[in-house]
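Let me begin by presenting the structure, written as structure tokens, before commenting on it.
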There are 2 protein chains.
Amino acid sequence: MTQEAAREPETLTPGARKILDTAAGLFYERGITAVGVDLIAREAGVTKKTLYDRFGSKDALVAAYLRERDERWRDWLTGQVGLRGDADPGERVLATFDALAAWVRRENPRGCGFVNAAAELPDPGHPGRQVIMGQKRWLRGYLRELAAAAGAREPGRLADELVLLHEGATVLNGLGIVDDAVARARDLAAAALDRGTG
Amino acid sequence: MTQEAAREPETLTPGARKILDTAAGLFYERGITAVGVDLIAREAGVTKKTLYDRFGSKDALVAAYLRERDERWRDWLTGQVGLRGDADPGERVLATFDALAAWVRRENPRGCGFVNAAAELPDPGHPGRQVIMGQKRWLRGYLRELAAAAGAREPGRLADELVLLHEGATVLNGLGIVDDAVARARDLAAAALDRGTG
DNA sequence: TCGTGAGTAGACAGATCGGTTTACTCGGCC
DNA sequence: GGCCGAGTAAACCGATCTGTCTACTCACGA
């Protein structure tokens, strides 16, 4: 019986857990297309049969990788901003950049995993593509909320600017051509905030 | 006799020209790893022998693709800015965003070709990787010159901010999640310019 | 006790990967 | 006439690609 593929249960079997962790590392560090299922299975200490039994296809595994990364990032961002629930709304907007700074230090030496994945998944029908778009849309929506709470005259416009700064900082950080890219983005965000909430 | 690879003459043979044009389109639209040399040769109406006689290896062809893209972008940017040689220096900084806006409309529907390529070329020794780093360094240096001419107190810092805005706008434009991303970047750049040249 | 879900081990399929090779044609140039 | 650069045509190499398959083990739960 072929399984639904692209929908994995909230609790993974031990084998599936190892596969997903291994795939996540390899996909991010070497690229999605460049990493084959044979390599993933071998590195995870698992057979290809297990991989296909659990995930159904490579595309579905890619989507699962992106979904989990998305979830971790959202939890991290909202958690960090939540720690400053008592701060003034403008501070909370800027806190997203502090959260980003810590995140890229820990998890993003090679740039945004979603932007990188998007470069390799041009097909709009690819299951991973929808995860990517969802991630970006969510971020914009979240920043828009924070912007509105901070009294932005045009929350949508400010959110656009903040997303732009987030993405630019992440990408630049990955290329290593500008240091403290996230700090620069935070500075620009503070200025945009001033302008946008006058 | 193995040829030097990665150094092609300034004038290409007709076959090499077709190969490079075809490869450029395929690499950008489908990704580098996903496009094989067989496909490139077939689409270019050329045999694989010709491809290897002219370019030596796929890696060298990738580097040639990136070099030519780099050259086109530099020519476009400096050309557009040059058209406003009589404008005030601050206007010239902002003109780089107008040049970028026209560029992404014409050539960048899928985001920055260099950022996308960097996602697929993690190996620092890859010949294409050096082209990418050179491109970003050049852009930062060019913006730094313009920033200095505009009277920036810290031209290096302002250049970092401008590069960040350029990259963020390009990436966001490619993802299609924010419209007028380049216009937003231009607004932010104008504000940064005000702040940085007080 | 019996069935089931999760797993190993490993062969197999057909296609494609980057890259090499041999044999040949054609046009220009000295 | 003779050489050479540029090209075609097509076979070939070993490796790897995604995906399927059979056969078997093991632990657990009804």
Side-chain angles (χ1 to χ4, degrees), chain A residues 1-23 26-27 30-65 117 120-123 125-128, chain B residues 1-23 26-27 30-65 117 120-123 125-128:
Chain A
M1 191 180 293
T2 45
Q3 70 181 66
E4 270 299 317
R7 173 149 284 91
E8 76 281 2
E10 61 293 334
T11 62
L12 299 171
T13 64
R17 184 71 266 160
K18 279 192 296 182
I19 292 167
L20 192 47
D21 289 343
T22 305
L26 291 170
F27 283 155
R30 304 192 201 176
I32 290 170
T33 317
V35 171
V37 289
D38 286 283
L39 177 62
I40 295 170
R42 200 184 321 134
E43 295 274 298
V46 151
T47 61
K48 273 206 292 179
K49 177 153 193 311
T50 300
L51 191 155
Y52 277 94
D53 282 348
R54 293 302 124 235
F55 294 95
S57 72
K58 184 187 176 181
D59 283 351
L61 177 58
V62 169
Y65 148 62
E120 296 204 73
L121 307 177
D123 176 11
H126 192 289
Chain B
M1 189 182 296
T2 43
Q3 72 181 60
E4 271 298 318
R7 173 148 284 89
E8 75 280 4
E10 59 294 332
T11 61
L12 300 171
T13 64
R17 185 69 266 160
K18 277 192 296 180
I19 291 167
L20 192 47
D21 289 343
T22 305
L26 291 171
F27 284 155
R30 304 192 200 176
I32 290 170
T33 316
V35 170
V37 289
D38 287 280
L39 176 64
I40 295 169
R42 199 185 322 137
E43 295 275 298
V46 147
T47 61
K48 273 206 291 181
K49 179 157 192 311
T50 300
L51 189 155
Y52 277 93
D53 283 348
R54 292 303 123 237
F55 294 95
S57 70
K58 184 188 176 179
D59 282 352
L61 177 58
V62 168
Y65 148 62
E120 296 204 72
L121 308 177
D123 176 13
H126 193 289

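So that the names make sense, note that chain A is the first sequence line, chain B the second, and so on, each numbered from 1. Scope of the values below: all heavy atoms of this structure, side chains included, with no hydrogens, waters or symmetry mates.
We find that CD1 of B/Ile32 is positioned 15 Å from C1' of C/dG18, with the value rounded to whole Å. At whole-Å resolution of the value, CG in A/Leu39 and P in C/dC17 are 19 Å apart. Distance, B/Phe55 CZ to C/dG18 C1': 16 Å, rounded to whole Å. Atom CG in B/Asp53 sits about 13 Å away from atom P in C/dT22, given to the nearest Å. Rounded to an integer number of Å, the gap from B/Tyr52 OH to D/dG5 P is 22 Å. Atom CG of B/Leu61 and atom C1' of C/dC17 are 15 Å apart (whole Å). Between the NZ atom of B/Lys18 and the P atom of D/dA6 there is a distance of 15 Å, given to the nearest Å. Per the geometry, CG belonging to B/Leu12 stands 13 Å off C1' belonging to D/dA6, to the nearest Å.
In the set C/dG19, C/dG7, D/dG19, the nucleotide with an atom closest to the side chain of A/Lys49 is C/dG7. Of all nucleotides listed (C/dG18, C/dG7, D/dA9), D/dA9 comes nearest to the side chain of B/Thr47. Candidate nucleotides D/dA6, D/dT18, C/dG7 were compared by shortest atom distance to the side chain of A/Asp38, and D/dT18 ranks first.
Residue order along DNA chain D, read from the 5' end via each residue's closest nucleotide, puts B/Lys48 first among A/Gly36 and B/Lys48.
Taking only side-chain nitrogens and oxygens, B/Thr13 comes nearer than 4.0 Å to OP1 or OP2 of D/dG7. Note on B/Arg54: every side-chain N or O is 4.0 Å or more away from OP1 and OP2 of D/dG5.
For the pair B/Leu51 and B/Val37, the tightest heavy-atom approach, listed with the atom from each and the gap, is CD1-O, 4.0 Å.
Note that CD1 of A/Ile19 and OG1 of A/Thr13 are 7.0 Å apart. Values are rounded to the nearest 0.5 Å. With values rounded to the nearest 0.5 angstrom, A/Leu26 atom CG is found 10.0 Å from A/Tyr65 atom OH.
Side-chain atoms of B/Glu43 do not come within 3.5 Å of backbone N or O of B/Thr22 as any donor-acceptor pair.
Put simply, the side chain of B/Leu39 reaches to within 4.5 Å of the side chain of B/Arg30, judged on heavy atoms.
Under 3.5 Å, the side chain of B/Lys58 and the base of C/dG19 form no donor-acceptor pair of N or O atoms.
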